[in-house]
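Read the structure below first, then the notes.
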Amino acid sequence: MDIRKPNDSELKKIMLLSPQAVFDGTLGEVKPTNEKIKHLVEPLLEKGSYYLIATENDNLMGWILIGASKDQFTDKVNGFIYELFVIEDFRGNGISKRLMKAGIDNLKQDGYSEVRLSAFAGNHAIKLYEKLGFSIRTVTMNLQV
């Protein structure tokens, strides 16, 4: 398995598959349009965020989107994992863990001393994040009224 930055055609494929990534990551609560994904991702890419992809034999297996995020209280800039996704056919093979480690390593190389991410409560990936050393920092709660 190779982990690297995508080429242009691979980036287009990621953009087409990203609505499913968001749907899975939000536990089925959100299924954005391709236009919404473009609106969310393009500004991140323009500000220096980038994808790393996992491939084998020219098959795209998954990706991680990493970049910077500013803490709203302290204004400190941290590394941030915006998205992690493994295509369903390739799940259960440790690809998420390898993408996470590569993403964290890249963010360290980019000069960040802290990496953050957000996840929906109940997302299975939270167990992976905890195994990698992430801990809960904030909790967002909601109430339907």
Side-chain angles (χ1 to χ4, degrees), residues 1-55 60-88 90-145:
M1 179 172 52
D2 188 29
I3 295 180
R4 59 176 171 76
K5 289 184 178 180
N7 62 35
D8 288 343
S9 66
E10 291 164 334
L11 184 58
K12 286 178 185 170
K13 187 171 184 179
I14 290 168
M15 297 302 281
L16 288 173
L17 294 171
S18 281
Q20 185 65 44
V22 172
F23 182 78
D24 289 0
T26 61
L27 307 177
E29 285 193 30
V30 178
K31 178 119 187 202
T33 62
N34 285 50
E35 189 60 35
K36 181 67 173 174
I37 292 294
K38 188 176 176 181
H39 178 73
L40 292 170
V41 172
E42 282 185 357
L44 292 173
L45 297 177
E46 288 168 6
K47 291 179 183 174
S49 294
Y50 56 95
Y51 286 99
L52 294 174
I53 61 170
T55 62
L60 175 65
M61 298 186 298
W63 63 82
I64 189 169
L65 175 58
I66 59 176
S69 180
K70 187 191 281 190
D71 184 287
Q72 63 184 348
F73 298 112
T74 66
D75 290 334
K76 180 183 175 196
V77 179
N78 300 292
F80 201 86
I81 297 170
Y82 287 97
E83 185 174 70
L84 172 68
F85 184 70
V86 174
I87 293 168
E88 194 168 349
F90 302 106
R91 292 179 187 168
N93 296 307
I95 296 168
S96 290
K97 184 176 184 178
R98 292 193 52 193
L99 283 167
M100 285 292 294
K101 287 184 175 186
I104 292 165
D105 288 347
N106 273 259
L107 290 167
K108 275 188 210 174
Q109 290 170 13
D110 292 344
Y112 300 105
S113 59
E114 183 178 348
V115 177
R116 297 182 182 179
L117 58 79
S118 294
F120 265 61
N123 187 324
H124 298 313
I126 291 172
K127 289 178 184 145
L128 168 64
Y129 304 149
E130 290 173 338
K131 284 180 185 173
L132 291 170
F134 285 82
S135 58
I136 294 174
R137 185 173 180 279
T138 62
V139 176
T140 302
M141 301 175 72
N142 69 311
L143 169 68
Q144 299 294 323
V145 293

*Criterion side chain to side chain contact (heavy atoms under 4.5 Å, CB included) on Glu130 and Ile126, from CA distance to verdict*: CA-CA 6 Å; Glu130 290 173 338; Ile126 291 172; 3.9 Å; yes

*Can you list the steps and then say if Arg137 with Glu114 is a side chain to side chain contact (heavy atoms under 4.5 Å, CB included)?*
CA-CA 12 Å; Arg137 185 173 180 279; Glu114 183 178 348; 4.2 Å; yes

*Test log, rule side chain to side chain contact (heavy atoms under 4.5 Å, CB included), inputs Met15 and Asn34*: CA-CA 7 Å; Met15 297 302 281; Asn34 285 50; over 6 Å; no

*Could you walk me through whether Tyr50 and Asp110 pass the side chain to side chain contact (heavy atoms under 4.5 Å, CB included) test, one step at a time?*
CA-CA 12 Å; Tyr50 56 95; Asp110 292 344; 2.8 Å; yes

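Val22 has its side chain within reach of Glu83: a pair of non-hydrogen atoms, C-beta onward, lies under 4.5 Å apart. Put simply, the side chain of Leu128 reaches to within 4.5 Å of the side chain of Lys97, judged on heavy atoms. At a threshold of 4.5 Å between non-hydrogen side-chain atoms, the residues Gln144 and Asn142 count as touching. Here the side chains of Leu84 and Tyr129 are in contact, with some heavy-atom distance below 4.5 Å. The side-chain heavy atoms of Arg98 and Met61, taken from C-beta on, include no pair separated by under 4.5 Å. Within the 4.5 Å cutoff, the side chain of Asp71 has heavy atoms near those of the Arg116 side chain. Between Leu16 and Ile37 the shortest side-chain heavy-atom distance does not fall below 4.5 Å. The side-chain heavy atoms of Leu52 and Arg4, taken from C-beta on, include no pair separated by under 4.5 Å.
Counting heavy-atom neighbours within 6.0 Å of Lys76 NZ, excluding the residue itself, gives a total above 12. Within a 6.0 Å radius of CG in Asp2, other residues, nucleotides and ligands contribute more than 12 heavy atoms.
In this structure, Ile81 CD1 and Phe134 CZ are separated by 4.0 Å, a value rounded to the nearest 0.5 Å. Atom CG of Leu65 and atom CG of Leu117 lie 12.0 Å apart (nearest 0.5 Å). Between atom CG of residue Leu132 and atom NZ of residue Lys127 there is a gap of 14.5 Å, rounded to the nearest 0.5 Å. Atoms CG and CD, from Leu45 and Glu42 in turn, are 7.5 Å apart once rounded to the nearest 0.5 Å. If you take CZ on Phe85 and CG on Leu60, they are separated by 9.5 Å, rounding to the nearest 0.5 Å. Lys13 contributes atom NZ, which lies 9.5 Å from atom CD1 of Ile53 (distance to the nearest 0.5 angstrom).
Taking each heavy atom of Pro32 and Pro19 in turn, the nearest pair found is O-CB, 3.2 Å. Between Leu99 and Ile64, the shortest heavy-atom distance links the atoms O-CD1, 3.6 Å. Considering all non-hydrogen atoms of both residues, Pro43 and Lys38 come closest at CD-O, 4.0 Å. Annotation for Val86 and Ser96: closest pair CG2-OG, 3.3 Å, computed over non-hydrogen atoms. The heavy-atom pair separating Tyr51 from Ser18 by the smallest distance is OH-OG, 4.1 Å.
Asn93 contributes a side-chain N or O that, together with a main-chain N or O of Phe90, makes up a donor-acceptor pair within less than 3.5 Å. Looking only at distances, a side-chain donor or acceptor of Tyr82 sits under 3.5 Å from a matching main-chain atom of Ala68. Under the 3.5 Å distance criterion, the side-chain polar atoms of Glu10 are matched with a main-chain donor or acceptor of Asn7.
Side chains of Asp24 and Gln20: a donor-acceptor N/O pair is present below 3.5 angstrom, by distance only.
A side chain to side chain contact (heavy atoms under 4.5 Å, CB included) with Trp63 is found for exactly one of Leu17, Leu11, Thr55, Ile3, namely Leu17.
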